[in-house]
Amino acid sequence: MTKPAIRLVGVSKAFPVPFRRRVVVAVRDLNLEIGAGEVYGLLGPNGSGKSTTLKIILGLITPTRGTVEIFGCDNSAVATRRDIGFLPENAYFHKFLTGAETLRFHARLSGLNRRETNDRIDALLETVGLAHARNARLGTYSKGMLQRIGLAQALIHDPQLLVLDEPPAAVDPAGSRDIQNLIASLKKRGVTVLLSSHLLTQVQEICDRVGILHRGTLLREGHVENLLAVENQTELVLENASSDLLEALERQVASANARVVVRRKPQTSLEQLFLKETESGDK
């Protein structure tokens with residue numbers, strides 16, 4: 001039986017308030033299991049405990065109580081670090097390094113040899129769309145480019161678990177779509193992706209399951225399509241349907257003691273419209 005990529009059992013985290021005799025509970029009795037090869041979205045408003053949960057999983061802070069396992073091993077074990085890639089929301093970079101030098105620096109920290117390093121740098125710069133800027137210093141990069149180089153450094157050692165904290169921040173719609181495509185390709189390779197994001201449309205498109213945190217408690221969890229389904233309603237999408245056909249369908253529905261709640265044309269998203277129009281304008 002395949003071991004889950006991430007398993008939290010009864011995890012709580014309380015922070016003492018300096019100079020006051022009280023504590024703030026950031027995470028409360030959290031049970032969470034993420035399967036290997038799954039894309040999981042962790043949602044919640046500011047202060048819900050998302051960042052604390054990610055830090056606990058990464059081993060950056062220890063829980064007040066509870067256990068955390070990464071691929072069946074306690075996350076305090078050094079060996080688990082080799083399986084994890086991480087991109088924080090506000091990553092820090094040495095602006096005097098070039099894109100290629102940044103990846104080379106992280107590759108050496110990860111213990112890659114020279115041949116592996118050169119191959120990984122070339123492949124990742126191409127993957128994140130920065131091959132043209134490999135020799136440009138990070139001080140000249142835009143916010144979106146810095147986000148891309150951060151994603152590349154998180155993948156430099158070919159991790160089996162990728163943790164992303166607000167990955168699409170400062171990225172334009174085309175770049176956001178590229179990141180979605182990259183996450184989809186990682187899933188096909190069996191890489192587990194855990195992401196925390198406030199862009200619900202993107203989470204809806206790329207995640208297998210989502211969990212909603214609020215005040216440190218997991219309120220709801222499940223497959224995206226199940227959570228979004230409206231009870232007692234079924235949606236039909238017809239193509240080239242005449243007015244007569246639609247009216248006949250409505251009469252038949254009414255005869256069966258059902259009711260047409262709304263009749264409308266399906267809509268695309270603003271993001272999809274933007275990409276369609278800008279791509280057609282480039283041709």
Give me the ring orientation class for H94 and Y92: parallel if the planes are under 30° apart, tilted from 30 to 60°, perpendicular past 60°.
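Rings of H94 and Y92: perpendicular, over 60°.
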Evaluation steps, side-chain contact (heavy atoms from CB on, under 4.5 Å), between L249 and L238:
CA-CA 11 Å; L249 287 174; L238 304 178; 3.7 Å; yes
Could you walk me through whether V23 and T64 pass the side-chain contact (heavy atoms from CB on, under 4.5 Å) check?
CA-CA 11 Å; V23 296; T64 303; over 6 Å; no
Determine yes or no for a side-chain-to-main-chain donor-acceptor pair under 3.5 angstrom, with [X] supplying the side chain and [Y] the backbone.
| X | Y | value |
| --- | --- | --- |
| N31 | G10 | yes |
| R209 | Y40 | no |
| R134 | A100 | no |
| T140 | R137 | yes |
| R7 | E69 | no |
| T192 | G37 | yes |
| E250 | R259 | no |

Do NZ/NE/NH1/NH2 and the carboxylate oxygens of D165 and K55 come within less than 4.0 Å?
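Judged by the 4.0 Å cut-off on N to carboxylate O distance, D165 and K55 do not form a salt bridge.
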Report yes if some heavy atom in the side chain of [X] is under 4.5 Å from a heavy atom in the side chain of [Y]; otherwise report no.
| X | Y | result |
| --- | --- | --- |
| D83 | P159 | no |
| L54 | L194 | yes |
| L182 | S185 | yes |
| T102 | Y141 | no |
| L155 | T127 | no |
| L87 | Q147 | yes |
| L213 | L30 | yes |

Which value, rounded to the nearest 0.5 Å, describes the distance between [X] atom [atom1] and [Y] atom [atom2]?
| X | Y | atom1 | atom2 | value |
| --- | --- | --- | --- | --- |
| I6 | L32 | CD1 | CG | 7.0 Å |
| I183 | K187 | CD1 | NZ | 11.0 Å |
| F105 | S110 | CZ | OG | 10.0 Å |
| H157 | E116 | NE2 | CD | 12.5 Å |
| L130 | L151 | CG | CG | 10.0 Å |
| L8 | E33 | CG | CD | 10.0 Å |

Less than 3.5 Å apart, any donor N or O on the side chain of D74 or S76 sitting next to an acceptor on the other?
yes
Can you establish whether the number of heavy atoms outside [X] located under 6.0 Å from its atom [atom1] is more than 12?
| X | atom1 | answer |
| --- | --- | --- |
| R104 | CZ | yes |
| R28 | CZ | no |
| E126 | CD | no |
| N46 | CG | no |

Cluster overlap L124 with L162, hydrophobic side-chain contacts below 4.5 Å
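Yes, L124 connects to L162 through the hydrophobic network.
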In the single-linkage hydrophobic clustering (I, L, V, M, F, W, Y; side-chain heavy atoms under 4.5 Å), do V191 and I206 co-cluster?
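Linked, V191 and I206 end up in one cluster.
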Does the structure place the NZ or CZ of K95 under 6.0 Å from the centre of the six-membered ring of F93, at an angle of no more than 45° from the ring's axis?
no
So, applying side-chain contact (heavy atoms from CB on, under 4.5 Å) with L60, which one of I56, L58, I57 is it?
L58
